[in-house]
Visitor: 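Structure below; questions to follow.
Here the structure is a predicted model, which means the values were calculated and not measured. Chain letters run A, B, ... following the sequence lines, proteins first and then strands; every chain starts at 1.
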Number of protein chains: 2
Amino acid sequence: MLAAAGELLVEKGEAGISLREVARRAGVSHNAPYRHFPDRDSLLAALAAEGFDELSERSRQADELAGLGQCYVAFALEQPGRFALMFSPGLDKSRHPELQAAALQLFDLLREAVRQAAPKRDVQIATLAAWSLVHGLSQLLLDRQLSETLLGEQPADALSEQVTRLFTEGLG
Amino acid sequence: MLAAAGELLVEKGEAGISLREVARRAGVSHNAPYRHFPDRDSLLAALAAEGFDELSERSRQADELAGLGQCYVAFALEQPGRFALMFSPGLDKSRHPELQAAALQLFDLLREAVRQAAPKRDVQIATLAAWSLVHGLSQLLLDRQLSETLLGEQPADALSEQVTRLFTEGLG
DNA sequence: CTTTTATGTTGACAACGACAACATTATGCC
DNA sequence: GGCATAATGTTGTCGTTGTCAACATAAAAG
């Protein structure tokens, strides 16, 4: 189920995921998914949680704060549909505890990296700022219409590097 | 139509907007909306464009860069549904030129404010960073599950003030 | 006054999420 | 082995939705 839904997510985005099409791709009847997920939102939540887990896994392999930021932006650009789903306002994290847990795990990682990079700063504020920066940057880069007109032709990873450097310089 | 859709947006969010319910609230038949919008996405695009226009209007009344950032975050918190819609990944801005224009107008405003606040910086990078910061901050604050656990009890506007100040200090 | 245009209506269709009832398979226990 | 229980899959159905087509009406233009 999750594999089929993942394909759909890549092909058509969040709105293109229907339980019936998932079932069709999995080669089962139109109601089989209900034996694994109580409703459509729960399937989406599981997909989103997968995303948080994968991003956490990748983040663990980045050593410093700047690398973690690059990691974040790179993930968003590689898997735009998954990224959008992870922060979809329609998905109420409070009703899907395993999704909430997966998200918090990622943010704990980020907080630790910030703590190590800027021990003198208020960790709360600095973490908030760091996350805001990489998350907002990802969103802007994904919004291709805006990025093309607003930000010339530079490749995305160059931009993300410059922005994150501007930030880490400001911290020190 | 737009008024009825706006109500629905506030009450149930983007996913809760159906053309038929909009028609119902407007007191017309289920297909009347198609005389004004070719499809559902076009109605959403018009709603989103309204949001960009309103935010641009407000931003014009803020004088300095920091105030503009506060303005952005405040708007997102006041009208979460509208804000989410404005940046909904499902809405292809390239297929709705008036939406794209409304969005670009807002970003031009931001760029001018950045140019004035930090004349020595690379305007492109600084604007990108500034937008990323306020946008990401808005998203994090809207994601209540994350904000409650990650950021203690501080009121949102206090957080946004501290974060924007951290950023403007870093610029100078 | 007539023609065109804007707007609204009715009816239909396929797809969807969700529910209920039933069938099948697997698993654990004796 | 054999049987009970849970897990999983299926068929059928309902209400809702987006969208299309055909038709009706009102407003505006000539």
Side-chain angles (χ1 to χ4, degrees), chain A residues 1-51 81-82 84-100, chain B residues 1-51 81-82 84-100:
Chain A
M1 293 298 177
L2 286 174
E7 283 180 24
L8 270 173
L9 183 58
V10 171
E11 290 175 27
K12 308 190 201 172
E14 172 181 358
I17 301 179
S18 82
L19 290 184
R20 291 171 105 106
E21 179 67 23
V22 166
R24 231 167 273 138
R25 300 210 176 190
V28 291
S29 75
H30 71 217
N31 255 5
Y34 283 91
R35 298 294 141 181
H36 305 272
F37 306 96
D39 53 24
R40 182 175 178 270
D41 273 8
S42 297
L43 169 62
L44 296 185
L47 269 182
E50 277 187 352
R82 181 86 63 163
L85 180 61
M86 288 158 63
F87 298 98
S88 169
L91 259 190
D92 186 355
K93 292 196 175 64
S94 71
R95 297 209 311 217
H96 302 281
E98 93 287 355
L99 171 57
Q100 192 172 0
Chain B
M1 293 298 178
L2 287 173
E7 283 180 23
L8 271 173
L9 183 58
V10 171
E11 291 175 26
K12 309 190 201 173
E14 172 181 358
I17 301 181
S18 85
L19 290 185
R20 294 172 104 105
E21 179 67 21
V22 166
R24 233 167 272 139
R25 299 209 176 190
V28 291
S29 76
H30 71 224
N31 257 2
Y34 281 90
R35 299 294 141 181
H36 305 272
F37 307 95
D39 55 23
R40 181 174 180 271
D41 274 7
S42 298
L43 170 62
L44 297 185
L47 269 182
E50 277 187 353
R82 182 86 62 162
L85 179 61
M86 289 159 61
F87 298 98
S88 169
L91 259 190
D92 186 355
K93 292 197 175 62
S94 71
R95 298 209 312 218
H96 303 280
E98 94 286 352
L99 171 57
Q100 193 173 358

Visitor: Would you mind reading off the distance between A:R40 atom CZ and C:dC16 atom C1', rounded to a whole angstrom?
Guide: 9 Å
Visitor: So do B:V28 and B:M1 actually touch side chain to side chain, heavy atoms under 4.5 Å?
Guide: yes
Visitor: A:R24 or A:P38: which one's nearest nucleotide on DNA chain C is closer to the 5' end?
Guide: A:R24
Visitor: Could you tell me how far apart B:D39 (CG) and D:dT19 (P) are, to the nearest whole angstrom?
Guide: 5 Å
Visitor: Could you tell me the separation between the CZ atom of A:R25 and the OG atom of A:S18, rounded to the nearest 0.5 Å?
Guide: 9.5 Å
Visitor: Measure the distance from CE on A:M1 to P on C:dG17 and round it to the nearest whole Å.
Guide: 13 Å
Visitor: To the nearest Å, how far apart are A:Y34 OH and D:dT13 P?
Guide: 18 Å
Visitor: Strictly below 4.0 Å, heavy-atom distances to any atom of DNA chain D: list the hits from residues 13-23 of chain B, or just say none.
Guide: B:I17, B:S18, B:L19, B:R20
Visitor: Calculate the interatomic distance between A:L43 atom CG and C:dA18 atom P; express it in whole Å.
Guide: 11 Å
Visitor: Rounded to the nearest Å, what distance is computed from the CZ atom of residue B:R35 to the P atom of nucleotide D:dA27?
Guide: 17 Å
Visitor: Do A:R82 side-chain atoms and A:G6 backbone N/O form a donor-acceptor pair below 3.5 Å?
Guide: no
Visitor: Could you check how far CG of B:L8 sits from P of D:dT17, rounded to whole Å?
Guide: 10 Å
Visitor: Would you state whether a donor and an acceptor, one from the side chain of B:H30 and one from the base of D:dG18, lie under 3.5 Å apart?
Guide: no
Visitor: Could you check if a side-chain atom of B:Q100 sits within less than 4.5 angstrom of a side-chain atom of B:H96, using non-hydrogen atoms only?
Guide: no
Visitor: Could you tell me whether the side chain of A:V22 reaches within less than 4.5 Å of the side chain of A:L2, counting heavy atoms only?
Guide: no
Visitor: Would you say the side-chain atoms of A:R40 pair up with the backbone N or O of A:I17, donor to acceptor, closer than 3.5 Å?
Guide: yes
Visitor: In this structure, how many angstroms lie between the P atom of C:dG17 and the CG atom of A:D41, rounded?
Guide: 11 Å
